[in-house]
Amino acid sequence: MRKKIVAGNWKMNKNYAEASVLMFQLLEYKKNNPTNCEIFIAPPSIYLTTAKEIFADKEIGIYAQDMSEYPSGAYTGELSVEMYQSIEIDGSIIAHSERRLYHGETDSHANRKVKALLDAGLTPIYCNGETLEQRKNGQHFEVIKNQTQVALFTLSADEIKKVVIAYEPVWAIGTGETATPEQAQEIHAYIRSLIAEKYGKEVADEISILYGGSVKPDNAKEIFSKPDVDGGLIGGAALKLEDFSKIIEAFNP
Ligand code: PEP
């Protein structure tokens, strides 16, 4: 059975004190509330070691928001897979649309980063999704196919099984505009069919595909109820325990 996951991408938010408070709130919440999904957070990298200390018993998964494709060297400002491995975090988000938009990240970069993480035994959360213009032009299937193939299809079946995919239509990120549950299901099923075509149904059925884009407490349950939606990558609503916990509870019966 593939994993159900609610992952919080904190982006570039919160100072140290604020980040610590939210981590302790999450710890308390996790201890007192049985959940029907795994919980991940991706705080700013500067707080990853704090997160490791606070969640010392691995109550929740700790992820970075990006990673260098290079193993080490003269890449000022970058962080390597070995650094992440050495502080024992679980993995990293890769190719978030904001990395694509502001840092020119492509699926070829994503492919190398995903492979580096897998080689190190860490989990990539690989993001893809179409822009508003691409959707309006009816290109969304083509865009998703291309992104998925370039970023992931050099992996072996055993490797791709370990990747978490996040479908995040760019037009729905941070805009308050959400894909309808049917739109999310349509693309999730499509991504799974692409993987099934290349690697077989059994492999495709093992991969968790998360939806991201303005998921909120009031729409999470309906989106997560779709058969190919295995959870969410949450931005804005991950910054307050009150909202994030309600999204986690969308998996409760
Ligand atoms: C995200 O950044 O991955 C995201 C989905 O953001 P938001 O939930 O704020 O739309």
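Quick note: residue numbers are just sequence positions, from 1. All values below come from the heavy atoms of this structure, side chains included, with hydrogens, waters and symmetry mates left out.
By the 6.0 Å contact criterion, CD on Gln85 is enclosed, its count of non-hydrogen atoms from other residues, nucleotides or ligands being greater than 12. Counting non-hydrogen atoms of neighbouring residues, nucleotides and ligands closer than 6.0 angstrom, the CZ atom of Phe24 reaches no more than 12 such neighbours. Heavy-atom neighbours of Glu222 CD from other residues, nucleotides or ligands within 6.0 Å: at or below the threshold of 12. Around the CD atom of Glu133, the shell of radius 6.0 Å holds no more than 12 heavy atoms that belong to other residues, nucleotides or ligands.
In this pair, Tyr70 and Tyr75 present their aromatic rings parallel. The plane angle is below 30°, not in the 30 to 60° band. Ring planes of Tyr63 and Phe40: parallel class, angle under 30° (limits at 30 and 60°).
In this structure, Asn15 and Glu18 have side chains that are in contact, with non-hydrogen atoms separated by less than 4.5 Å. Residues Pro43 and Met23 have side chains in contact (heavy-atom distance under 4.5 Å, counting atoms from C-beta outward). You'll find the side chain of Phe251 stays beyond 4.5 Å of the side chain of Thr35, heavy atoms only. In this structure, the side chains of Asp119 and Glu159 come closer than 4.5 Å at one or more pairs of heavy atoms. When side chains are defined from C-beta on, Ile160 counts as touching Ile207, because their heavy atoms get closer than 4.5 Å. Side-chain contact check for Gln65 versus Ser45: every heavy-atom pair is 4.5 Å or farther apart. You'll find the side chain of Ile248 stays beyond 4.5 Å of the side chain of Asn33, heavy atoms only. Here the side chains of Ile191 and Asn128 are in contact, with some heavy-atom distance below 4.5 Å.
The two atoms that bring Ala238 and Leu22 nearest to each other are O-CD2, 3.6 Å, heavy atoms only. Of all non-hydrogen atoms in Ile187 and His140, the two that sit nearest each other are CD1-CD2, 3.9 Å. Looking at every heavy atom in both residues, Val229 comes nearest to Gln185 through N-OE1, 4.1 Å. Closest approach of Leu155 and Tyr199 over heavy atoms only: O-OH, 2.7 Å. Nearest approach of Cys37 to Val6, heavy atoms of both residues: SG-CG2, 3.8 Å. Taking each heavy atom of Asp228 and Ala189 in turn, the nearest pair found is OD2-CB, 3.6 Å.
Not a single donor-acceptor pair under 3.5 Å links the side chain of Lys52 to the backbone N or O of Ile62. Checking side-chain atoms of His103 against main-chain N and O of Glu105 turns up no donor-acceptor pair under 3.5 Å. At distances below 3.5 Å, at least one donor-acceptor pair connects side-chain atoms of Tyr47 with backbone N or O atoms of Lys14. For the pair Ser80 (side chain) and Ser72 (backbone), a donor-acceptor distance under 3.5 Å is absent. Although no hydrogens or angles enter the test, the distance criterion places no donor-acceptor pair under 3.5 Å between the side chain of Asn9 and the main chain of Gly235. One N or O on the side chain of Arg100 and one on the backbone of Ala95 form a donor-acceptor pair closer than 3.5 Å. A distance-only check finds a donor-acceptor pair linking the side chain of Asn13 to the backbone of Trp10 [under 3.5 Å]. Checked by atom type and distance alone, the side chain of Glu142 never pairs as donor or acceptor with a backbone atom of Gln139 at under 3.5 Å. The main-chain N or O of Ile94 is never found under 3.5 Å from a side-chain atom of Ser92 such that the two would form a donor-acceptor pair. No donor-acceptor pair under 3.5 Å is formed between the side chain of Arg2 and the backbone N or O of Ser208.
Linking ILVMFWY residues whenever their side-chain heavy atoms come closer than 4.5 Å, directly or via other members, leaves Val21 and Leu48 in distinct clusters.
Salt bridge annotation for Asp230-Arg192: present, with a cationic side-chain nitrogen under 4.0 angstrom from a carboxylate oxygen. Ion pairing of Glu249 with Lys221 is absent here, as no side-chain N (NZ or NE/NH1/NH2) approaches a carboxylate O to less than 4.0 Å.
The only member of Arg99, His109, His96 that meets side-chain hydrogen bond (donor to acceptor under 3.5 Å, both in side chains) when paired with Asp66 is Arg99. Residue Ile5 is tested with Val164, Ile39, Leu233 for a side-chain contact (heavy atoms from CB on, under 4.5 Å); the sole match is Val164.
Sorted by first and then second residue, the salt bridge (charged side-chain N to carboxylate O under 4.0 Å, His left out) pairs involving residues 67-78 (not counting sequence neighbours) are Glu69-Arg112.
Ring pair Phe224/Tyr211: centre-to-centre distance not below 6.0 Å.
Looking at residues two or more places apart in sequence or on another chain, you find no side chain to side chain donor-acceptor pair (under 3.5 Å) involving Ser214. Residues passing the side chain to side chain contact (heavy atoms under 4.5 Å, CB included) test with Leu132 are Lys136, Trp171, sequence neighbours excluded.
The structure places CD of Gln25 at 11.0 Å from CD1 of Ile54, a figure rounded to the nearest 0.5 Å.
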